Amino acid sequence: ESTGVFNLDSGIINIGTAGQSSWFEVGNGVNCTGTLNMSGGTVTKIGNDHFSLGTNQGNGTAKITGGTMTINNEIWVGQRPNSVGLLEISPGATITNNSWVAIGREGGKGTVNMTGGTWNKNGTSNFIVGASGADGIAGEGIMNLSGGAVTVAPSGEPNRGITWIGEQNLSTGTLNMSGAANATTFTTARMTLGEVAGATGNLNLNGGTLRVGQLTGGGGTRNGQFH
């Protein structure tokens, strides 16, 4: 059991070594709580492995109100049962990652609140809200997008470079969009709600702009509300 807080308002942080294990974790372990407050500066992660918030029954929070964060691999928000991850992105923040995004993975609960800023997901991979369950426990992902721009880069590989809201069995994903049409955007080549049986995907469009080549329903439960 432990608690840790890291505050960054300026400077340069480099994490990892190319070709070697290089985790960037906030809140990993039973009853562990970690918080990252980033209001400026630059964080760059290289090497293998991923950026994870709330893992293995831990509680991890990242509040990004400014600065630039670049992650070469995946971003997980809520990983494994009884884990809670929270990512808050505000105006002035820029996040770029080059592999999968999984909000609520393997039975974890993940929430992203984005009120501004920019999030670019690149690479041959997908952006997932509500990824998967584990050990009979459902994974739950929620993304509240009320400002800023999310862009999922397309891919030439089949079924990649897209967005899943509720991916695997025992998963529930919810994307809530609101805000002005020119101030809140989510851009993706395809968005699928409830990708497979046992998955639930919810899309609530109360504002903003959803730029999507295709909006489809998969083999699971899919709900869409457009106001």
Side-chain angles (χ1 to χ4, degrees), residues 1-18 20-80 82-106 108-122 127-129 131 140-151 176 178-179 183-184:
E1 181 176 342
S2 62
T3 300
V5 178
F6 182 72
N7 299 314
L8 177 66
D9 57 15
S10 62
I12 298 172
I13 304 293
N14 294 315
I15 299 170
T17 301
Q20 297 185 17
S21 180
S22 302
W23 286 98
F24 179 15
E25 297 179 296
V26 180
N28 181 1
V30 178
N31 296 325
C32 291
T33 299
T35 302
L36 168 65
N37 297 310
M38 182 176 176
S39 58
T42 300
V43 173
T44 302
K45 193 202 86 65
I46 64 173
N48 303 329
D49 304 311
H50 315 297
F51 174 41
S52 179
L53 299 172
T55 306
N56 298 322
Q57 302 184 53
N59 190 314
T61 298
K63 298 181 179 181
I64 316 298
T65 59
T68 300
M69 177 179 287
T70 302
I71 306 296
N72 64 317
N73 284 330
E74 302 180 20
I75 294 179
W76 301 346
V77 184
Q79 159 72 6
R80 297 296 296 167
N82 302 313
S83 303
V84 178
L86 173 63
L87 174 59
E88 297 185 346
I89 307 168
S90 303
T94 299
I95 296 177
T96 301
N97 74 291
N98 296 323
S99 190
W100 299 81
V101 170
I103 304 167
R105 186 179 189 273
E106 293 189 356
K109 182 174 182 179
T111 302
V112 174
N113 297 322
M114 186 168 177
T115 58
T118 302
W119 190 347
N120 298 309
K121 194 218 73 66
N122 301 320
F127 193 108
I128 310 168
V129 183
E140 181 181 2
I142 300 172
M143 183 167 191
N144 300 308
L145 178 60
S146 59
V150 177
T151 301
N176 299 311
S178 61
T184 307

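All values reported here derive from a predicted model rather than from experimental measurement. Residue indices begin at 1 and follow the sequence shown. Side chains are part of it too, since the values below use all heavy atoms of this structure and drop only hydrogens, waters and symmetry mates.
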Pairwise distance OG(Ser83) to CZ(Arg105) - rounded to 0.5 angstrom
11.5 Å
Check Asn73 against Asn48 and note the closest heavy-atom contact, atom names and distance.
ND2-C, 3.5 Å
Measure the CD1-CZ distance between Ile13 and Phe6 for me, rounded to the nearest 0.5 Å.
4.5 Å
For Gly179 versus Thr184, what's the shortest heavy-atom pair and its separation?
CA-OG1, 3.8 Å
From the options Val150, Ile89, Thr115, select the one residue that forms a side chain to side chain contact (heavy atoms under 4.5 Å, CB included) with Leu145.
Val150
Pairing donors with acceptors under 3.5 angstrom, does anything connect the side chains of Asn72 and Lys45?
yes
Nearest 0.5 Å please: distance from the OG1 atom of Thr42 over to the CE atom of Met69.
10.5 Å
Against Ile95, only a single residue in Ile75, Thr118, Val43 fulfils side chain to side chain contact (heavy atoms under 4.5 Å, CB included); can you say which?
Ile75
Taking atom CE of Met143 and atom CG of Asn113, what is their separation to the nearest 0.5 Å?
9.0 Å
If we check side chain to side chain contact (heavy atoms under 4.5 Å, CB included) with Gln79, which of these qualifies: Val84, Asn56, Thr55?
Thr55
Heavy-atom neighbours of Lys109 NZ exceed 12 at 6.0 Å
no
Just checking, any donor-acceptor pair under 3.5 angstrom between side chains of Asp49 and Ser21?
yes
Kindly assign one of parallel, tilted or perpendicular to the pair Trp23 and His50, based on the angle between their ring planes and the thresholds 30° and 60°.
perpendicular
Heavy atoms only: give me the nearest Ala149-Met114 pair and the separation to one decimal.
O-CE, 3.6 Å
Quick one: are Asn144 and Thr111 in side-chain contact, heavy atoms under 4.5 Å?
yes
Closer than 3.5 angstrom, by distance alone: can the side chain of Ser22 be matched with the main-chain N or O of Thr17 as a donor-acceptor pair?
yes
What distance do Ser90 atom OG and Ile64 atom CD1 have between them, rounded to the nearest 0.5 Å?
9.0 Å
Spatial distance of atom CD1 (Ile71) from atom CZ (Phe24) [nearest 0.5 Å]
6.0 Å
